[in-house]
Amino acid sequence: MAAISRKTHKLPQTAGLKQILRRCSYSLGKTSTKLGYDEEGHPVDVPKGHFAVYVGQNRSRYIVPISFLTRPEFQSLLRQAEEEFGFDHDMGLTIPCEEVVFKSLTSMLR
């Protein structure tokens with residue numbers, strides 16, 4: 001029997017990080033007519049150098065620094081997000097873990 005391999009869309013690390021940032025920046029505000037977005041479609045409540053993620057069963061929104069993208073612990077969460085949800089959807093970056101776990105991890109990264 002031949003093993004079935006699951007095809008994934010893995011990108012080189014820097015290309016993957018750029019794609020994630022692009023999705024985070026634009027997926028929440030595709031048009032500038034939405035309230036809470038600037039003329040380029042970026043959420044006005046997300047400070048420069050940060051991005052929004054959605055975590056947990058209730059999809060609670062958290063604002064995290066872009067510097068987290070280089071941390072191995074956060075990259076592990078991103079790999080899980082890619083496997084479970086992919087990055088090509090309009091929901092924003094969704095992290096598949098419990099909020100308490102996410103809060104604990106991000107508090108250690110600060």
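Here the structure is a predicted model, which is why all the values come from computation and not from measurement. Computed from heavy atoms alone, side chains included, the values below leave out hydrogens, waters and symmetry copies.
- One distance of note links OG of S104 with CG of L109; it measures 9.5 Å at 0.5 Å rounding.
- Note: I63 CD1 to T106 OG1 = 12.0 Å, rounded to the nearest 0.5 Å.
- When every heavy atom of E99 is checked against every heavy atom of V55, the shortest pair comes out as CG-O, 3.8 Å.
- Residues that satisfy the side chain to side chain donor-acceptor pair (under 3.5 Å) test with Q80, not counting sequence neighbours, are absent from this structure.
- In this structure, the separation between CD1 on I66 and NE2 on H50 is 8.0 Å, given to the nearest 0.5 Å.
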Could you check F85 against L93 for side chain to side chain contact (heavy atoms under 4.5 Å, CB included), going step by step and ending with a plain yes or no? CA-CA 9 Å; F85 305 113; L93 181 58; over 6 Å; no
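- The same ILVMFWY cluster, assembled from side-chain heavy atoms under 4.5 Å apart, contains both L78 and M108.
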Report the C-alpha separation of I95 and Y54 in whole Å, then their side-chain angles, then the decisive distance to 0.1 Å, and conclude whether the side chain to side chain contact (heavy atoms under 4.5 Å, CB included) test is met. CA-CA 6 Å; I95 305 292; Y54 297 87; over 6 Å; no
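- Once rounded to the nearest 0.5 Å, the distance linking CG of L69 with CG of L77 reads 11.0 Å.
- Shown here are the side chain to side chain donor-acceptor pair (under 3.5 Å) partners of S67, two or more places apart in sequence or in another chain: there are none.
- Rounding to the nearest 0.5 angstrom, the gap separating the CZ atom in R110 from the CZ atom in F68 is 4.5 Å.
- With sequence neighbours excluded, the residues that form a salt bridge (Lys or Arg N to Asp or Glu O under 4.0 Å) with E73 are R71.
- One finds the CG atom of D45 at 4.0 Å from the CZ atom of R61 (value rounded to the nearest 0.5 Å).
- Relative orientation of the F102 and Y62 rings is tilted, given thresholds of 30° and 60° on the angle between their planes.
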